[in-house]
Amino acid sequence: MAQKPSIPKGTRDFGPQVMVRRNYIFDTIRTVFQRYGYQPIETPAMEQLSTLLGKYGEEGDKLLFRILNSGDFLSAYDKNPEHLEASNLLPHISEKGLRYDLTVPFARFVVQYRNDIVFPFKRYQIQPVWRADRPQKGRYREFYQCDADVVGSDALLNEAELVQIVNDVFKKLGVRVVVKINNRKILAGIANYIGSPESITDITVAIDKLDKIGIESVNQELAEKGISNEAIEKLQPVLFMKGNSHEKMAQMAQLIGGNDIGAKGLSEMKTLFEYLDHMSLDVEYELDLTLARGLNYYTGAIFEVKALDAQMGSICGGGRYDDLTGIFGMPGVSGVGISFGADRIYDVLLELNLFPETSSQSTTVLFVNFGSQEEKFCLPLLAALRSAGINAEIFPEADKMKKQMKYADLKKIPFVILAGESEIQSGFVFVKNMLTGEQISVGVTGLVDFMIQTVA
RNA sequence: GUGGUUGUAGCUCAGCUGGUUAGAGCAUCAGAUUGUGGUUCUGAGGGUCGUGGGUUCGAACCCCAUCAUCCACCCCA
């Protein structure tokens, strides 16, 4: 054989049986989003590079897929070698990129259509995103995000509602999860408290790994980042803090209640938990002081959802961003959003065997094709079954019966109807149940009613 | 970007210290069965052993390079 065709690293094809299951996830999430009044939008796969660059930090910029300009992109470029530098060459080579997430394109969308949007604007968006990362378990270069965001409202009730949505989605899917909640203002308060406000990023990145690498390694990493010993010392009570969410908040008030931003964060957290405690949720939710989340545009609450029974990174995350639209020239609009990672949720459902059984069958009835006369006899029956809401098809050619039966078998079609010459003359066709192998004769005039009853 | 793993039929993998013509299971196709699938039996097709170079009388096997893959780190859904 010639060289085998293949697809790019970190991308996947989805066959019919996989798509049925993926759609089950998308439909579940979409239904919940709509239940809470969120409206759908879509944005292009590619954005201007200027929209994307600088929004995800230095690391994020490296993970952007850039699209090569069409045509002879160097024709207008000054090719004098003395002026040849990557920085001024780049705009000539690439000016578009594949979107990295759905939040930044959404911010662009809000700014662009600000006069047409009714605020607070609740939107959802289910589309693929791309990251030029190295693939590994649960990590792909092309994957779907399912986002719900509210912009134009500072109210913490929005945060609470998003947790409620998480609750509903995972309850429907049957996955046990824990929602971890933190607040960037609390993290800033911690950084102030230990006297290194400028190191907030290094501090949060390090303590985010606490449960993964342990306290020793965290302290070591902090030291390597240039955090002073006394600052690390002051941080220890936070890292070792025990108790439930309310107890932790009380302890934190002792430590960081004195600085403005820390107090603000704690106050927000308290309000949020008051809402959540009144929502009779099924999911666990807890304050996790070590939760940091990478995206640096978050300014308030941050969320992360982890499956309790599967070894998988976070399957859902989000947070509050006070000024995302500011970088696109529209300051003072606050937003909060959440993003479900459909591909990871798929992997979790597969691992835990949580996909519903029925989600693999598409056709209910197959007519065996005996020839051109018989085809014509079957067509009105087919149409009638379809009108009655029953998925039905006829084998497209009068192939060997064995092959047609095998087709039904492989496609898990539960009923096969045989209408050959003698059946047509008698006015009775055979309906074969492929599960039991049982075959009964049914009058043509009563066929649709019979099938409706049998299927129901 | 860093470290490691594995590349043999469509798929999952055997293949001894380097030795004739590289095997198995599953899948596919055909027949047993001209109007009955999923079971069974018989037979058939399908491989530049990832690619390129080297060592050797001889390489799927040893060496080097390269590409791909998966896993871990960084980071993240």
Side-chain angles (χ1 to χ4, degrees), chain A residues 1-12 15 25 29 56-64 99-103 126-147 166 201 204-206 208-209 212-213 217 221 224 291-296 303-307 311-319 337-348 366 368-371 374 395 398-424 429-439:
Chain A
M1 190 193 279
Q3 71 268 39
K4 294 175 195 169
S6 63
I7 56 176
K9 188 206 300 261
T11 64
R12 287 132 330 134
I25 295 173
I29 293 172
Y56 310 105
E58 204 178 317
E59 201 66 29
D61 283 356
K62 284 197 282 187
L63 298 180
L64 282 173
R99 66 167 165 254
Y100 179 90
D101 71 358
L102 299 178
T103 306
I126 298 177
Q127 289 191 276
V129 303
W130 294 268
R131 296 183 187 179
D133 210 349
R134 250 194 225 206
Q136 51 182 281
K137 185 178 171 62
R139 176 177 297 188
Y140 308 100
R141 286 183 145 182
E142 178 184 63
F143 61 97
Y144 273 72
Q145 291 192 329
C146 312
D147 275 32
V166 169
T201 306
T204 54
V205 166
D208 189 42
K209 300 175 190 164
K212 202 169 176 181
I213 63 177
S217 310
E221 183 165 330
E224 280 166 11
L291 172 63
R293 290 193 59 76
L295 296 173
N296 51 18
F303 314 103
E304 192 159 288
V305 180
K306 299 197 93 168
Q311 194 70 35
M312 178 61 72
S314 72
I315 53 178
C316 178
I338 194 134
S339 176
F340 291 81
D343 302 83
R344 285 190 174 177
I345 292 172
Y346 179 94
D347 291 346
V348 168
L366 174 79
V368 170
N369 189 325
F370 285 101
E374 292 89 341
F395 201 83
D399 222 319
K400 280 185 202 151
M401 187 136 172
K402 180 186 172 91
K403 180 163 180 182
Q404 300 192 43
M405 294 301 284
K406 192 163 187 173
Y407 172 82
D409 188 50
L410 291 173
K411 215 172 157 183
K412 297 193 186 340
I413 298 173
F415 298 99
V416 170
I417 293 181
L418 298 100
E421 195 183 343
S422 57
E423 285 83 6
I424 292 173
V429 299
F430 281 117
V431 176
K432 173 158 181 162
N433 181 324
M434 293 296 280
L435 279 176
T436 62
E438 170 182 36
Q439 184 168 305

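Below, chains carry the letters A, B, ... as their sequence lines are ordered, and counting in each starts from 1.
Distance check on atom C1': B/rG38 versus B/rA77 gives 40 Å, rounded to whole Å. A gap of 34 Å separates the C1' atoms of B/rA32 and B/rG15, to the nearest Å. Rounded to a whole angstrom, the distance from the C1' atom of B/rG54 to that of B/rG58 is 15 Å. If you take atom P in B/rG1 and the same atom in B/rU6, they sit 22 Å apart, rounded to whole Å. Atom name P, nucleotides B/rU40 and B/rA59: the rounded distance is 42 Å, in whole Å. As rounded to the nearest Å, B/rA14 and B/rG7 have C1' atoms that lie 15 Å from one another. Taking the P atoms as reference points, B/rG10 lies 16 Å from B/rC29, given to the whole Å. Going from the C1' atom of B/rU8 to that of B/rG25 covers 15 Å, rounded to whole Å.
At the heavy-atom level, A/K9 lies under 4.0 Å from the strands shown only through sugar-phosphate atoms. Within 4.0 Å (heavy atoms only), A/K306 reaches no atom of the nucleic acid at all. Within 4.0 Å of A/D133, counting heavy atoms only, lies at least one base atom of the nucleic acid. Contacts of A/G138 with the nucleic acid, taken as non-hydrogen atoms under 4.0 Å apart, include base atoms. At a threshold of 4.0 angstrom between heavy atoms, the contacts of A/V205 are confined to the sugar-phosphate backbone, with no base atom among them.
For A/D399 against A/Q404, the heavy-atom pair with the smallest separation is O-NE2, 2.8 Å. The minimum heavy-atom distance between A/E423 and A/L418, with the atom names listed, is CG-O, 3.8 Å. Shown here for A/V166 and A/I338, the closest heavy-atom pair between the two residues is CG2-CD1, 3.4 Å. Closest approach of A/E421 and A/E374 over heavy atoms only: N-OE2, 3.8 Å. The shortest heavy-atom contact between A/N369 and A/F395 is ND2-O, 2.9 Å.
Within the structure, every side-chain polar atom (N or O) of A/Q145 is placed at least 4.0 Å from both OP1 and OP2 of B/rA77. When the side-chain nitrogen and oxygen atoms of A/K400 are compared with OP1 and OP2 of B/rU34, none of them lie within a distance under 4.0 Å.
When the C1' atom of B/rA77 is taken as reference, atom CD of A/E142 falls 14 Å away, rounded to whole Å. If you take CD of A/Q136 and P of B/rC74, they are 10 Å apart, rounded to a whole angstrom. The distance from atom CZ of A/R141 to atom C1' of B/rA68 is 12 Å, rounded to the nearest whole Å. To the nearest angstrom, C1' of B/rC70 lies 12 Å from OH of A/Y140. The CD1-P distance, from A/I338 to B/rA77, rounds to 11 Å in whole Å. In this structure, A/E224 atom CD and B/rC74 atom P are separated by 12 Å, rounded to whole Å. Here the P atom of nucleotide B/rU69 and the CZ atom of A/R139 are 16 Å apart, to the nearest Å. Protein atom CD1 of A/I345 is 19 Å distant from nucleotide atom P of B/rC76, rounded to whole Å.
Using a 4.5 Å cut-off on side-chain heavy atoms (C-beta onward), A/Q145 and A/D101 make contact.
Both A/R134 and A/R344 lie close to RNA chain B; mapped to their nearest nucleotides by heavy-atom distance, the more 5′-ward contact belongs to A/R134.
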Exercise. Using Watson-Crick and G-U wobble pairs whose two distances are both under 3.5 Å, how do you write the pairing of RNA chain B as dot-bracket, with | for links to another strand?
Worked result: ((((.((..((((.....[...)))).(((((.......))))).....(((((..]....))))))).))))....
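Side-chain atoms of A/Y407 and A/K411 form a donor-acceptor pair, as typed in the model, at a separation below 3.5 Å. Side-chain contact annotation: A/D61 with A/Y100, donor-acceptor N/O pair under 3.5 Å absent.
With a 6.0 Å cutoff to the six-membered ring centre and a 45° limit on the axis angle, A/R344 does not count as a cation-pi contact of A/F143.
Ion pair A/R141/A/D133 not flagged as a salt bridge, since none of the NZ, NE, NH1 or NH2 atoms sits closer than 4.0 Å to an Asp/Glu carboxylate oxygen.
Scored by the ring-ring contact (aromatic ring centres under 6.0 Å, His included) test, A/Y144 finds A/F26 as partners (sequence neighbours excluded).
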For this session: If a protein heavy atom is under 4.0 Å from the base, mark B; if only from the sugar-phosphate, S; if neither, -; do that for nucleotides 35-45 of chain B going 5' to 3'.
Result: BBBB-------
